[in-house]
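First comes the structure, then the notes that go with it.
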Amino acid sequence: MLPLKWEKRRQEYLREREEWFNELMEAGRTMAGRRKFLKMAASAAVVAAAGSFAPHSFQLVDVVDAAGPTPGPATPAAHQPFTFAYISDSHLYEKTLNERFVRHLERAVADINALDPQPDFALYGGDLAQLGQPGELKLGAEILKQVKAPLKMMVGEHDWFLDMGDLWKELFGAPQYSFDHKGVHFITLMSVNERDFWTKAGLTPIQRMQIVAGLDDGRQSRFEVGEEGREWLKRDLAKVARTTPVVVFSHSPLYKYYRDWNFWTDDAELVQALLRPFNSVTVVHGHTHQVLSNRIGNIHFHGMLSTAWPWPYAPSGLPKLTVPMNRSDPFNQTDGMGDGTIKVNQSGYADKEYNLWNRNPMTVSEKYLSSNGALDRPAKTTLETY
Amino acid sequence: MKIIAIAVLFAAGAVFFQGANAQRQEPKHPSVPTDGKEMVVQLCDGETSTKVKGVRPDERLTPEQAQSVSNELMRMWMDKVDPAKATAWMKEQSAAQSPQSQPQAPAGKPSGSKSRAAAKTAGGAEQANDFTGRDFSIWKRELEREIKYGDEIFHSDKLIGSANGIACAMCHPNAANTHPETYPKFQVQLRRVALLRDMINWCIEQPARGKRLDPDDPKMRALEAYIMSQRKGVPMEFGKH
């Protein structure tokens, strides 16, 4: 049984589709030369109307049963399962230039505000702005004020490389911080530092920003937490017991997926080494705009969706545990985008729900990653990236 | 001889049709004067021509007549050119038409110099299509220029004429997920069999809120060149959804 919201959207889609076919047949009555073609179109329309036709643009994906809280290997002291929500990668331009991206962020805010019960807090995953402009960041800050749950901010490269974070810090505070919530230690890392490629090349701030904003622009450096950031992380973790679950927020994935698009953190191994001694570590990252799941030893990784546009899966390096989302349909304006929630279980590991707009939601559970993909595998798509 | 006949008919077509693209000057063979009573057919060398007895210019040749005209023109051409050159050309043609034609030269390697070397060992006969290094460097330079222009347009919201700041590469880094090899395919939303250019125009008009490009617009041509260049070696799979 499909959740009501998706079933409604599906019915809308099928109706639209039938209209297209009807239009085609209407045209055919006045165009004698196209009879043969229309015969084909008409029979397809009948099948579509009968409901037995798998629609191309709206691929049905079985809803995965949400796994209940599963007790993990190390049960820490005072720790209750809880949920937080996320919104990420809105890439806002000013409203006069691009009103659509603004609408998408507002839709995500409305999604989160409609959650019942409300999440304990909401994470913003970075890339609020497209080119780090004051008008973009301030507009984003204004919209995010409407989020009812307490908001945790993370910075992305699109927010940073115009003024090297000056305005972002003024609006949202330090880009690197930690906090404790219901027995879980949360860390927000600044993982999108780049080595200076601009001074020697004599680039202006906006030129630097535009190069970093180009995913496939090879003139930029690779992302890194950097030595300073790693030192900070080491000091922060020194106070945390090994049995305490740790959840890390980073904009870039803290592993190496695809270098050419900076789906990558150059010092990922060094950061992972600092996290290795802990019983349970979960990394939640933005930047990749796609369903992305990975596990390296004790660390579970989850990518977040974007509200602006989906990225295709990279030509190589996709983690084995990732069950890809569908290749997005260019005729479906918000396909492959969305927001989601993360349920932190008793073990500290999480069940990640991807609230894909216009598609069925996808859940990547703790059980799935803990069993290395043997159990609770999400349904696969028939529309793969190619 | 079938291919030769087609070449001749094509040349005849070029004589009677005016080019559709008035702006772009492509080289043309001078048309052959006719007396209006008999059809004149010109060979693709732009020089050799023959009158077809008993056929008016507005009539259509039967396949037999066309074949005989083709044979006649080829005979005239052979008489004119250097016999060694003509023999080499004939040999090349028949080899190309045989089902077991030569294996393809690896992409990017100048096949001309290779065939020239082969001709030398075979006895020194010169071939008609003997490209020099200069030809290859011109082809490469011109193609790269086209691809580079396409690359720039693909990565620029301004060049694509976007009204909302969206550029192609924002959703398609390195032209990923543009899959030019899957066209043509029927696209119900476009109500016809779509080509790559139709999808390019869809993206320009819808996500990027720009104005659609004419299929022959230099920007459209450059975009197609760039997108194709990113998918080199991918097998053609037209019709794939």
Side-chain angles (χ1 to χ4, degrees), chain A residues 16-17 20-21 23-24 27 34 37 40-41 44-45 48 55-57 91-102 130-131 133 136 210-211 213-218 258 260-263 289 306 308-315 327-333 336-337 382-386, chain B residues 151-159 162-183 185-194 196 198-210 226-227 229-241:
Chain A
E16 275 175 24
R17 191 187 173 84
W20 288 327
F21 283 127
E23 228 174 273
L24 272 175
R34 299 182 73 186
F37 160 73
M40 179 276 286
H56 157 253
S57 291
H91 294 266
L92 296 182
Y93 280 118
E94 288 198 47
K95 202 169 184 166
T96 45
L97 177 59
N98 189 318
E99 174 260 340
R100 183 153 71 87
F101 289 175
V102 176
Q130 168 65 5
L131 294 172
Q133 303 285 336
E136 299 168 356
Q210 268 159 340
I211 288 172
L215 196 73
D216 57 5
D217 196 322
Y258 189 64
D260 287 2
W261 296 351
N262 252 337
F263 285 7
H289 301 203
S306 159
W309 67 80
W311 287 121
Y313 285 101
R327 163 165 46 87
S328 56
D329 180 349
F331 296 98
N332 183 341
Q333 212 172 41
M337 305 166 208
T382 52
L383 290 174
E384 284 168 15
T385 297
Y386 49 59
Chain B
D151 187 343
E152 279 167 30
I153 303 165
F154 199 83
H155 286 81
S156 162
D157 60 302
K158 294 196 174 61
L159 288 176
S162 166
N164 59 11
I166 293 178
C168 310
M170 277 165 67
C171 297
H172 302 280
N174 297 122
N177 247 356
T178 52
H179 38 77
E181 74 280 3
T182 65
Y183 299 97
K185 64 178 145 193
F186 182 72
Q187 202 70 55
V188 71
Q189 295 90 340
L190 299 179
R191 298 157 174 81
R192 63 170 167 173
V193 171
L196 175 62
D198 299 314
M199 293 309 296
I200 292 174
N201 269 336
W202 170 268
C203 282
I204 289 174
E205 282 190 305
Q206 303 301 321
R209 296 277 174 235
Y226 169 72
I227 291 169
S229 77
Q230 298 296 300
R231 296 295 276 179
K232 186 168 176 160
V234 177
M236 292 291 293
E237 238 185 301
F238 72 90
K240 184 177 175 184
H241 279 274

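Quick caveat: nothing in here was measured; it's all calculated off a predicted structure. Throughout, a chain's letter reflects where its sequence line sits, starting with A, and its residues are numbered from 1.
For a residue to count as touching a neighbouring chain, one of its non-hydrogen atoms must lie under 4.5 Å from one of that chain's; by this rule B:M199 touches chain A with the side chain only. With a 4.5 angstrom heavy-atom cutoff, A:L97 touches chain B via backbone and side-chain atoms both. Contacts of A:Q210 with chain B are absent, with no heavy-atom separation under 4.5 Å from either backbone or side chain. Proximity to chain B (any heavy atom under 4.5 Å) is restricted, for A:P310, to the backbone atoms N, CA, C and O. Of the atoms belonging to B:A163, it is backbone heavy atoms, and not side-chain ones, that fall under 4.5 Å from chain A. A:Y313 does not touch chain B: none of its heavy atoms, backbone or side chain, sits under 4.5 Å away. Interface remark: B:T182 contributes side-chain atoms only to the contact with chain A (heavy atom separation under 4.5 Å).
Between chain B and the options A:T385, A:T96, A:D260, A:L131, heavy-atom pairs under 4.5 Å are most frequent for A:T385. Of the residues considered (B:G165, B:A176, B:C203, B:A167), B:G165 shows the highest number of contacts with chain A, using heavy-atom pairs under 4.5 Å.
For A:N98 (side chain) and B:N164 (main-chain N/O), a donor-acceptor pair under 3.5 Å exists by modelled atom type.
The two residues B:W202 and A:P330 have their closest heavy-atom pair at NE1-O, 3.1 Å.
Side-chain contact between B:N177 and A:W311 is absent, with no heavy atoms from C-beta onward closer than 4.5 Å. Considering only heavy atoms from C-beta on, B:P207 comes within 4.5 Å of A:R100 through its side chain. A:W261 has its side chain within reach of B:N174: a pair of non-hydrogen atoms, C-beta onward, lies under 4.5 Å apart. Contact of the A:H91 side chain with the B:M170 side chain is not registered, since no non-hydrogen atoms from C-beta on lie closer than 4.5 Å.
From A:F101, atom CZ reaches atom CD1 of B:I166 across 3.5 Å, with rounding to the nearest 0.5 Å. With values rounded to the nearest 0.5 angstrom, A:L215 atom CG is found 12.5 Å from B:H172 atom NE2.
Other residues, nucleotides and ligands contribute over 12 non-hydrogen atoms within 6.0 Å of the NZ atom of B:K185.
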